[in-house]
Amino acid sequence: MTEGKKALLVMGCPEVPVQMSIVLYLSHKLGKAGYDVTVAGTDAAVKLLKVSDPESYYVQKTVDLDQLIADIVEKKIDFDLCFTFMHSDAGMTYGATFSAISRAKLYAVVFGKNAEELAETIDYPAEKIVAKATHNPNPLKNKIDKVVL
Amino acid sequence: MSCVEQMKYKLYLERTSFKDAREYIEKNSEEVYYVDPGYKIFKDYYIIGVPPVAMGVRGKEMLFTYVKPCHGTFVMGIDSEEEIARLRERETEKLKASLKGGPKTKAKPAPSSFSDIWKQ
């Protein structure tokens, strides 16, 4: 039963192209599975998302990343699932933060040129979804599809 | 934008990894305290980081990590006696709590006879 359950997608820096397509894909997939989906990101990442999905077909709720962290720490909101997207040390650090502040089951979605090396630096509790993908989203999509939700 | 960026700050490391930033704070501070991710400083900045998150004190300056998704980790320094006092107070509270929660050692009664001394 996923009805009423909440999922969070945390976007990292939007400079790697596969991130946006996988965020839209995963949001759609989770929505179809009955999850109430929220997508968090920096101002730039949220703008990219809104231009890509102008009628909010795939993503209905977006939130500023800093505000979201404040709200979770202050216990105003939390989630059942959390997917943190990362292709850099900063993204990995954000993942560690969500692991510490949220009770959600954490998935680390690791992509980019150095995906495997970056994944090895994750030592907090998270299910790792790793694919060396930058322009072609399919390797990452295939890994996402294997995750049992 | 966090309030931290609008304050008077110094940057000691820029666009580095979190691990290197933590090591810088540990090596270059007079006092080092460890906090959990989400620890709030100033008006509205919640620390982003991989535990243990190091916070340093050097004179009147507090050293801390500041993470931006597209730019990596920075080591910032801001003069703040209030925040330093909070860190020290928090450490004292932690210490007190660990002393209270530690294993209870029952005081042994003083021996009442010479044979009791040998039993001990």
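In what follows, chains carry the letters A, B, and so on, assigned in the order in which the sequence lines appear, proteins first and then strands, with residues in each chain numbered from 1.
- The two atoms that bring B:Pro37 and A:Ala100 nearest to each other are CG-CB, 3.6 Å, heavy atoms only.
- Rounding to the nearest 0.5 Å places NE2 of B:His71 at 11.0 Å from OG of A:Ser88.
- Atom NZ of B:Lys94 has more than 12 neighbouring heavy atoms from other residues, nucleotides or ligands inside a 6.0 Å radius.
- A continuous path of Ile, Leu, Val, Met, Phe, Trp and Tyr side chains, each step under 4.5 Å between heavy atoms, connects A:Met20 with A:Tyr25, placing both in one hydrophobic cluster.
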Exercise. Give the C-alpha distance, both sets of side-chain angles, the deciding distance and a yes or no for side chain to side chain contact (heavy atoms under 4.5 Å, CB included) between A:Glu74 and B:Tyr46.
Key: CA-CA 10 Å; A:Glu74 301 296 343; B:Tyr46 295 82; 2.6 Å; yes
Practice problem: List the steps, then state whether side chain to side chain contact (heavy atoms under 4.5 Å, CB included) holds for A:Met92 with B:Val50. | Solution: CA-CA 8 Å; A:Met92 185 279 290; B:Val50 182; 4.0 Å; yes
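- Across all their heavy atoms, A:Ala90 and B:Gly72 have their closest contact at CB-CA, 3.9 Å.
- Heavy atoms of B:Thr73 lying under 4.5 Å from chain A belong exclusively to its side chain.
- A:Thr93 contributes no side-chain N or O that, together with a main-chain N or O of B:Gly49, makes up a donor-acceptor pair within less than 3.5 Å.
- Using a 4.5 Å cut-off between side-chain heavy atoms of Ile, Leu, Val, Met, Phe, Trp and Tyr, with links allowed through other members, B:Ile47 and B:Val32 fall into different hydrophobic clusters.
- Cluster annotation: B:Val35 is not connected to B:Ile25 through the hydrophobic network of ILVMFWY side chains, with a link wherever side-chain heavy atoms come within less than 4.5 Å.
- Note on B:Ile48, B:Val67, B:Asp36, B:Val53: by heavy-atom pairs under 4.5 Å with chain A, the leading option is B:Ile48.
- Summarising the geometry, atom OG1 belonging to A:Thr97 is positioned 7.5 Å from atom CZ belonging to B:Phe18; distances are rounded to the nearest 0.5 Å.
- In this structure, OH in B:Tyr45 is found 8.0 Å from CD1 in A:Ile69, a value given to the nearest 0.5 Å.
- A:Val23 is connected to A:Leu48 through a chain of hydrophobic side-chain contacts under 4.5 Å among Ile, Leu, Val, Met, Phe, Trp and Tyr, so both are in one cluster.
- A:Ser99 places none of its side-chain heavy atoms less than 4.5 Å from the side chain of B:Pro51.
- If you chain together hydrophobic residues whose side chains sit under 4.5 Å apart, B:Leu11 and B:Leu13 never meet in one group.
- No more than 12 heavy atoms of other residues, nucleotides or ligands lie within 6.0 Å of NZ in A:Lys132, so this atom counts as exposed by the packing criterion.
- Within 6.0 Å of CD on B:Glu82 lie no more than 12 heavy atoms contributed by other residues, nucleotides or ligands.
- In this structure, the portion of A:Leu65 lying under 4.5 Å from any heavy atom of chain B is its side chain and not its backbone.
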